[in-house]
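Here is the structure we will look at.
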Amino acid sequence: MDSDQEFMALAFEQARKSYADGGVPVGAVMVENGQVIAAGHNQRVQNGDPIAHGEMACIQQAGRRARYDDVTLFTTLSPCMMCADAIVQFGIGRVVVGENRSFSGNIDFLREHGVEVTLLDDERCRSLMDTFIAERPELWDEDIAGNG
């Protein structure tokens, strides 16, 4: 799954962008037929928008599509319920998760709804999130709303 690692590296770069801008370091990319079709990162802090999660920004950047079942969404952190619902709503067929130690998220929910989920347990994703949580625990609590 070398391509999974390569695309996760691109999602990680999106997470680093958010972190560099003072935001929550979650990034995502959407891939179809081996090509990146969208990228996004968490912008809750930067835009003052409570639903501007990394996955949501990526889906929005992909734009309107007739179908999503042949795309893979790469996200650096296990999706929250809002993002998991959007993944299921749009029929995204596969999700690759960088890490779920910081936030267990909704991997089981995705699988129960027919989404193929691969968990990489990526050290870069864990390390960046650990740094962020140590530096900004109040912002982390605000982002996950106590649902860690």
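Side-chain atoms are counted along with the backbone in the values below, which use heavy atoms only and exclude waters and symmetry mates.
- Around CD of Glu32, the count of heavy atoms belonging to other residues, nucleotides or ligands within 6.0 Å exceeds 12.
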side-chain contact (heavy atoms from CB on, under 4.5 Å) evaluation trace for Phe103 with Asp143: CA-CA 11 Å; Phe103 178 69; Asp143 189 65; over 6 Å; no
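- For the 3.5 Å distance criterion, the side chains of Asn47 and Gln43 qualify, holding a donor opposite an acceptor.
- Side chain of Arg94 to backbone of Val71: no donor-acceptor contact under 3.5 angstrom is found.
- Met8 and Val95 fall into different hydrophobic clusters, where Ile, Leu, Val, Met, Phe, Trp and Tyr side chains are chained together by heavy-atom contacts under 4.5 Å.
- No donor-acceptor pair closer than 3.5 Å links the side chain of Ser127 to the backbone N or O of Glu123.
- For Gln35, the CD atom counts as loosely surrounded, since its 6.0 Å shell holds 12 or fewer non-hydrogen atoms of other residues, nucleotides or ligands.
- In this structure, Arg16 fails the cation-pi test against Tyr19, since its NZ or CZ atom is not both closer than 6.0 Å to the six-membered ring centre and inside 45 degrees of the ring normal.
- Although no hydrogens or angles enter the test, the distance criterion places a donor-acceptor pair under 3.5 Å between the side chain of Arg126 and the main chain of Asp121.
- Taking every heavy atom of both residues into account, Leu73 and Ala28 meet most closely at CD1-CB, 4.2 Å.
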Kindly indicate, with the supporting measurements, whether the criterion side-chain contact (heavy atoms from CB on, under 4.5 Å) is fulfilled by Ile59 and Ile92. CA-CA 10 Å; Ile59 292 168; Ile92 294 172; 4.1 Å; yes
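- Between the Ser18 side chain and the Asn42 main chain, a donor and an acceptor come within less than 3.5 Å of each other.
- Ring orientation note: the planes of Phe7 and Phe74 are tilted relative to one another, at an angle of 30° to 60°.
- The closest side-chain heavy-atom distance from Ile87 to Gln89 is not below 4.5 Å.
- A 4.5 Å side-chain heavy-atom check between Val97 and Thr118 finds every atom pair outside the cut-off.
- The 12-atom threshold is exceeded at CG of Leu119, counting heavy atoms of other residues, nucleotides or ligands nearer than 6.0 Å.
- Linking ILVMFWY side-chain heavy atoms closer than 4.5 Å, directly or via other members, places Met56 and Tyr68 in two distinct hydrophobic clusters.
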With salt bridge (Lys or Arg N to Asp or Glu O under 4.0 Å) as the criterion, how do Arg44 and Asp49 come out once you've worked through the C-alpha distance, each side chain's angles and the decisive distance to 0.1 Å? CA-CA 5 Å; Arg44 292 183 72 251; Asp49 181 348; over 6 Å; no
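- Taken together through direct or relayed side-chain contacts under 4.5 Å among Ile, Leu, Val, Met, Phe, Trp and Tyr, Leu77 and Val88 form parts of separate hydrophobic clusters.
- Proximity of a side-chain donor or acceptor of Thr76 to a complementary backbone N or O of Cys125 within less than 3.5 Å is not detected.
- Only one option out of Glu55, Glu99, His53 pairs with Thr75 in a side-chain hydrogen bond (donor to acceptor under 3.5 Å, both in side chains); it is Glu55.
- Residues Val117 and Phe109 share a single hydrophobic cluster, defined by chaining ILVMFWY side chains whose heavy atoms lie under 4.5 Å apart.
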Can you list the steps and then say if Phe90 with Arg65 is a side-chain contact (heavy atoms from CB on, under 4.5 Å)? CA-CA 9 Å; Phe90 290 109; Arg65 299 175 58 85; over 6 Å; no
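- Linking ILVMFWY side-chain heavy atoms closer than 4.5 Å, directly or via other members, places Val96 and Val115 in two distinct hydrophobic clusters.
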